[in-house]
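A short write-up of the structure that comes next.
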Amino acid sequence: MSTPASYSRVPEKPTIDGVEDRWAQVWQDQGTYTFDATKTREQIYSIDTPPPTVSGSLHVGHVFSYTHTDCIARYQRMRGLEVFYPMGWDDNGLPTERRVQNFFGVRCDPSLPYDANFEPPAEPGKDQLPISRRNFVELCERLTVEDEKVFEQLWRRLGLSVDWSRTYQTIDKRAQAVSQRAFLHNLERGEAYQSEAPTLWDVTFRTAVAQAELEDRERPGNYYRIGFPAPDGSRIFIETTRPELLAACVALVAHPDDERYQPLFGTTVRTPLFDVEVPVVAHRLADPDKGSGIAMICTFGDTTDVTWWRELQLPTRPIIGWDGRILPETPEWIGTDIGRDTYAAIAGATAHTAKERMVEALGDFIEGDPRPTTQAVKFFEKGDKPLEIVTTRQWYIRNGGRDDQLRTRLVERGAELNWHPPYMQARYTSWVEGLNGDWLISRQRFFGVPLPVWYRLDEHGNPEYGTPLIPADDLLPIDPSSDVPAGYTEAQRGVPGGFMGDPDVMDTWATSSLSPQIAGGWTIDDDLWKRLWPFDLRPQAHEIIRTWLFSSVVRAHLEDDVLPWKNAAISGWILDPDRKKMSKSKGNVVTPLGLLDEHGADAVRYWAASGRPGTDTAFDVGQMKIGRRLAIKILNASKFVLADGVTMPEDLGVITDPLDRAMLAVLANVVTDATAAFDDYNYARALEVTETFFWAFCDDYVELVKERAYGVRGPEAAASAKAALAVALSVMLRLFSPVLPFVAEEVWSWWLEGSIHRAPWPTVDEFGSAAGDAGTVDAVAIVLSAVRKAKSEGKVSMKAEVSSAVVSGPAESLDRVRTAQGDLAAAGRIAELGYDEAPGPVSVDVTLA
RNA sequence: GGGCGCAUAGCUCAGUUGGUUAGAGCACCUGCCUUACAAGCAGGGGGUCAGGGGUUCGAGUCCCUUUGCGCCCA
């Protein structure tokens, strides 16, 4: 606890200009938020801070949600807990790759050798310059370091109470080691596995895409009605939007109950032009109302094809390559000359071109004109071409998508977590229950954490995927494209009897899902880790519950059979005034730095803290102006309270005046409410009750006790008022400090020692016996208000004299008013204050002089 | 099509387990230079709580339903 200062540094003209730079510097110099790693687990509050994507730019949404977390961090710190509040940078994955490509005008070509003297062009050229993987990664690292500086600057400006000595990157060596080690543990326990399977594939990025990264987009298309020759010479018409996949057709399918096609089940038809014999099969997923009710199954046109192919055990006839083009070689299942000629016409073409050529080639096989339609097509959320499905070898981690027991356990984990607000749990549950596959973690990209395995090559040079070579734990992190497995030499790379590195990197979530492990020193600093784990809080946005939150739960569950945190605080979106989500593409993004410059950090934080947990909040400059005014008001009110050498009283016994004691009783209730709100992660509610009290304190209490505090009614009466003012100010500043750290610290420094942010959170006990009858405040306020109203309606100054005011009401209310009648008469300039006991609500008859 | 949320004053939002006459700020109107603050202060007008039905002594609050909006997923 800060000790009363024997001197006061109250400025003549308080201002909030400059307080941000000044205190940010002091906090940094004094290590105000430095984490003390000697504390034990129960003395620590650990936060799993979301690492922002540094390759993007910060927007007001970041400011919004990070402020919420900071308010919680500051509250817990004042409650006496040692807060572990690190900052991470997410510089992993596609956004960084893309930004580097555009920023420097380069692209990664893994076949090129490393050039130690490489310097990117000063200006990105028209064509992207191909460079080696290592050069590319170096550029990624160079750019992200710059981005991080900008981010840290902004966060400091906003006043985040982060321990800046504890930062991490999701791509740094430590994170790579943690990520690879966790993967190898998964592999050892059989939770990570490889599978050759149809995979959703982005042809632009040439990478597999996980279920969590998909989105459906409405796209226009055309139905083509194609006739398949039946054995009896008739034609069976299917309708398809993808005629270019005809060569990949493996069957026709209709619903088992569809009487039109029941006679055909078990028979075969031949594909037009290609003349490939395919069976007619029945499956419940065939929709009798869609098109002609019978569809062609291709390997693979969409995810339903995959289901049919798997459940009906159909052959695999892929014709689309990893580049999204039709495979150049004529498939062996096409046996006729006309079939081969037709295929030659589409070989190597894009899906789009192939479609045009197939439609032309089919000619009379197509009945009627194409019928326009709109269909939901799957896209990679960051891509702009529809996903194809290709068969590839990929790594997976079990997440319950194929295992009911694990899925049930993970749903239960979600129920163990304290969600703020609670309804967010439903989003987790419905996502986990709807999973239909394991977690695809391998990506065919360059900048990321490499999968830490190699494969032996047999005498023909074919990799033995089933028995990967594992690095020793103390060598992590490794890059299998440059490191060599034990017992081999670099010369054996890629040669028969030698080895090859796994070429892929891990999904960015495979690393982000370990953010508490990375920040907390798992397997790197055991002493620190045991003081932090499991963490107390995961703050994050609601749209990544299915990705970041869920994958983190999966990793902690598999590794330690534990929930990674006790609480999840989910923040909402920032909406523009039209209630649309703010985004760059809509051109309505405001730069955070501009906001901080214009309104000040406390004002921006005030706006952010006014947004209820989990609630989407409108971007509202007006709210920031109110916050700024509040901050200025706090300075001015504090200046008044601290005038005339007010200090914290040695003994609360000097607070004898009933009105002073009543005010403190109300404040004690505010402390109770604000504390309960913060304990429930409701910073907005805590701010609201504090602010409401503060304004009433300024408008009523201060006005009432002004003259008494000046000493008009003697030293004891003045001492009571001054002591009460000091106690109230100290408590209010601490209640405000999580939201308004700068102005609170500024005022604190005028008269008390140490940082307010390390001062104890106020408690009811602090008031001791100084808290009196709270009801007196309301009773007195009614009279004061009535007097003001009379003056206002009489259009006279507030200092105009009142010749008499008669208060009528129940005896209890009158008694309360009497206890403050000296202050009332002074504040209202009332010559004669009379009382008239009467039933009903309190009323006041005011006569102006 | 499924899940979740939202709908309260012109605007942005509170309203904590059902309980006096539904609140705040902004905006608007009328005043007041008042020795902390004119970037201030005082006072005022303004809402059939989206529509309908139900439970209850009592519903903004609980249940059903309709409509509109948003997000996530299929």
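Letters A, B, ... are given to chains in the order of the sequence lines, protein chains preceding strands, and every chain is numbered from 1.
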Answer yes or no: does a side-chain N or O of [X] lie under 4.0 Å from OP1 or OP2 of [N]?
X         : N      : result
Tyr606(A) : U12(B) : no
Lys789(A) : G44(B) : yes
Lys706(A) : A36(B) : yes
Ser430(A) : C72(B) : no
Lys791(A) : C41(B) : no
Arg629(A) : G40(B) : yes

Using atom [atom1] in both nucleotides, what's the gap between [N] and [M] to the nearest angstrom?
N      : M      : atom1 : value
U65(B) : A27(B) : C1'   : 37 Å
U8(B)  : G70(B) : P     : 15 Å
G23(B) : G45(B) : C1'   : 16 Å

Options [options], nucleotide nearest the side-chain atoms of [X]:
X         : options                : answer
Arg546(A) : C72(B), A36(B), G43(B) : C72(B)
Ser792(A) : A36(B), G43(B), C72(B) : G43(B)
Arg427(A) : C71(B), A36(B), A14(B) : C71(B)
Glu688(A) : A14(B), G43(B), U34(B) : A14(B)
Tyr423(A) : C4(B), C71(B), A36(B)  : C4(B)
Thr615(A) : A39(B), A14(B), G25(B) : A14(B)

Query raised in the report: Quick one: do the Asp660(A) and Tyr701(A) side chains pair a donor with an acceptor below 3.5 Å?
Result: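 Per modelled atom types, Asp660(A) and Tyr701(A) side chains form a pair under 3.5 Å.
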
Report task. Indicate, with a heavy-atom threshold strictly under 4.0 Å, whether Glu691(A) touches base, sugar-phosphate, or nothing. Result ->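 Here Glu691(A) touches no strand at all.
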
Report task. Remember a base hit wins even if backbone is also touched, and classify Arg685(A) as base, sugar-phosphate or nothing at under 4.0 Å, heavy atoms. Result ->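 Result for Arg685(A) = base.
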
Report task. Side-chain contact test, heavy atoms from C-beta onward, threshold under 4.5 Å: evaluate it for Trp761(A) versus Leu735(A) and give yes or no. Result ->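 Yes - at least one pair of side-chain heavy atoms lies under 4.5 Å apart.
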
